[in-house]
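Notes follow once the structure below has been shown.
Nothing here was measured: the structure is a model prediction, and the numbers come from that model. Excluded from the calculations below are hydrogen atoms, water molecules and symmetry mates; all remaining heavy atoms, backbone and side chain alike, are included.
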Amino acid sequence: MTSTWEDFYAKNPPPSDLSKNEILLKDFTQMHFKAGNKVVLVTSGGTTIPLEHNTVRFVDNFSAGTRGSASTEYFLQKGYAVIFMHRVKSLQPFSRYFTGQMFLDMLELSEENGKSSITVLPEYTPKIAVILKDYKNALKQKMLLQLSFTTLAEYLWLLRSACQALAPLEHLAILYLAAAVSDFYIPSNEMSVHKIPSSGPPSISLHLVPKILEPLVSLWVPKAFVISFKLETDEGVLISKARDALNKYKHNLVIANMLQTRKQQVIIVSKQNSHVLSLTDEQLSKDKEIEKLIVNDLVEMYEDFIKSAEKVKG
């Protein structure tokens, strides 16, 4: 079953923290608008589809938020302010280097006169110092706003609010929509209130998630530079699906990638042409990140977009 985006918002109530997040979004975007700064909205991580209102079970996807969190750091390095909209417990910029036990393995505990002290092992100090410096600078300069979501409904409500806050920036806004958004959902009014009994397999009717790119590009942020992502497992349909999306939604770029090689190669698809960005096997083995290439490339394309927009204004 398919519903319109208006139906989705009508049938799924907003998250309880939306008003608080809208204030944060308004303050952040207005501050950078007055300063003449460019602002990037980066969406990151996957969305869950609850099966019950008192959620015990849900449908999920595999996204860990690697691309969004890494790209955020590279946008910050380029001087862009970033709204990082991420799935709870997915990777976040700067802290992404220290998942699991990695951070604890970098620390050394000392005891002297009954007092404990913690130091960073010498071999890790240079790396942690660079990351910490970049993180502290981003916070000090108020260049990073981090907001979180878990469910599909939370994501879509927060996305619309972020677009409303970014709309006054017009061409100074970039949307980098890297989140892995669910394709199907259960409307709130059709969801079980309590845990679904395990006495037998439930019958669940899934609805298609409305294509939010349509109102986003045409209504919410019509002058922004909008980038979507296309992930496929069949290389034969990758470019054609990316072009279909561009033709249908009229946004600026699609970053197309294959599931198996997404960390090593992407294809930047525009209305006019496409080109490949890739890392060599040697670069990959040395922990080079393709997100740096992506952001460098996008910044160049965005600067051309800005020049064209200014000519039209002039």
If we ignore angles and hydrogens, is there a donor and acceptor under 3.5 Å between the side chains of [X] and [Y]?
{"X": "Ser228", "Y": "His251", "answer": "yes"}
{"X": "Tyr176", "Y": "Thr43", "answer": "no"}
{"X": "Lys78", "Y": "Asn296", "answer": "yes"}

Would you call the rings of Trp5 and Tyr9 parallel, tilted or perpendicular, where under 30° means parallel and over 60° means perpendicular? perpendicular
So with a 6.0 Å cut-off around [atom1] of [X], is the heavy-atom count from everything else above 12?
{"X": "His194", "atom1": "NE2", "result": "no"}
{"X": "Gln77", "atom1": "CD", "result": "yes"}
{"X": "Lys271", "atom1": "NZ", "result": "yes"}
{"X": "Ile118", "atom1": "CD1", "result": "no"}

Going by ring-ring contact (aromatic ring centres under 6.0 Å, His included), name the residues that satisfy it together with Tyr97, two or more places apart in sequence or in a different chain. none
Who pairs with Phe184 by ring-ring contact (aromatic ring centres under 6.0 Å, His included), at least two apart in sequence or on another chain? none
Determine whether [X] and [Y] fall in the same hydrophobic cluster, where Ile, Leu, Val, Met, Phe, Trp and Tyr are linked whenever their side-chain heavy atoms lie under 4.5 Å apart.
{"X": "Met106", "Y": "Val130", "value": "no"}
{"X": "Leu107", "Y": "Ile128", "value": "yes"}
{"X": "Val221", "Y": "Leu219", "value": "yes"}
{"X": "Phe98", "Y": "Leu139", "value": "yes"}
{"X": "Val237", "Y": "Leu231", "value": "no"}

Applying salt bridge (charged side-chain N to carboxylate O under 4.0 Å, His left out), can you list everything that pairs with [X], at least two apart in sequence or on another chain?
{"X": "Glu232", "value": "Lys241"}
{"X": "Glu291", "value": "Arg67"}
{"X": "Arg160", "value": "none"}

Pairs satisfying salt bridge (Lys or Arg N to Asp or Glu O under 4.0 Å), at least one member in [range], at least two apart:
{"range": "residues 33-50", "answer": "none"}
{"range": "residues 277-287", "answer": "Glu282-Lys286"}
{"range": "residues 107-136", "answer": "none"}

Any donor and acceptor pair, going by atom type alone, linking the side chain of [X] with main-chain N or O of [Y] inside 3.5 Å?
{"X": "Thr72", "Y": "Gly68", "value": "yes"}
{"X": "Asn252", "Y": "Ile227", "value": "no"}
{"X": "Thr47", "Y": "Thr151", "value": "no"}
{"X": "Asn247", "Y": "Arg243", "value": "yes"}
{"X": "Asn257", "Y": "Gln265", "value": "no"}
{"X": "Thr261", "Y": "Gln264", "value": "no"}
{"X": "Gln283", "Y": "Thr280", "value": "yes"}
{"X": "Arg262", "Y": "Leu259", "value": "yes"}

Drop me the distance from [X]'s [atom1] to [Y]'s [atom2], to the nearest 0.5 angstrom.
{"X": "Phe33", "Y": "Leu172", "atom1": "CZ", "atom2": "CG", "result": "7.0 Å"}
{"X": "Ser44", "Y": "Leu91", "atom1": "OG", "atom2": "CG", "result": "7.5 Å"}
{"X": "Tyr74", "Y": "Ile294", "atom1": "OH", "atom2": "CD1", "result": "10.5 Å"}
{"X": "Ile131", "Y": "Arg96", "atom1": "CD1", "atom2": "CZ", "result": "8.0 Å"}
{"X": "Ser161", "Y": "Leu24", "atom1": "OG", "atom2": "CG", "result": "11.5 Å"}
{"X": "Lys142", "Y": "Met31", "atom1": "NZ", "atom2": "CE", "result": "6.0 Å"}

4.5 Å side-chain heavy-atom contact, [X] and [Y]:
{"X": "Met143", "Y": "His32", "answer": "yes"}
{"X": "Thr29", "Y": "Ile83", "answer": "yes"}
{"X": "Ile174", "Y": "Val39", "answer": "no"}
{"X": "Leu216", "Y": "Leu175", "answer": "yes"}
{"X": "Phe8", "Y": "Leu152", "answer": "yes"}
{"X": "Leu253", "Y": "Phe225", "answer": "yes"}
{"X": "Tyr80", "Y": "Tyr302", "answer": "yes"}
{"X": "Asp183", "Y": "Val209", "answer": "no"}

Glu214 bridged to Lys248 by N-O distance under 4.0 Å: no
Among residues at least two apart in sequence or on other chains, which ones pass side-chain contact (heavy atoms from CB on, under 4.5 Å) with [X]?
{"X": "Ala173", "value": "Leu166, Leu169, Ala224"}
{"X": "Lys263", "value": "none"}
{"X": "Thr150", "value": "Thr48, Arg87, Val88, Glu154"}

Flag the pair His171 / Phe305 as yes when their ring centroid distance falls below 6.0 Å, and as no otherwise. yes
Gln92/Phe84 under side chain to side chain contact (heavy atoms under 4.5 Å, CB included): CA gap, chis, key distance, verdict: CA-CA 8 Å; Gln92 297 180 51; Phe84 181 65; 4.1 Å; yes
Side chain to side chain contact (heavy atoms under 4.5 Å, CB included) evaluation trace for Val42 with Met85: CA-CA 6 Å; Val42 176; Met85 206 175 110; over 6 Å; no
Taking transitive links into account, so neighbours of neighbours count too, which hydrophobic residues share a cluster with Val269 at under 4.5 Å side-chain distance? Leu238, Ile239, Leu246, Val254, Met258, Ile267, Val276
Where do Leu177 and Leu213 land on the side chain to side chain contact (heavy atoms under 4.5 Å, CB included) test, with the steps shown first? CA-CA 10 Å; Leu177 305 175; Leu213 258 181; 4.0 Å; yes
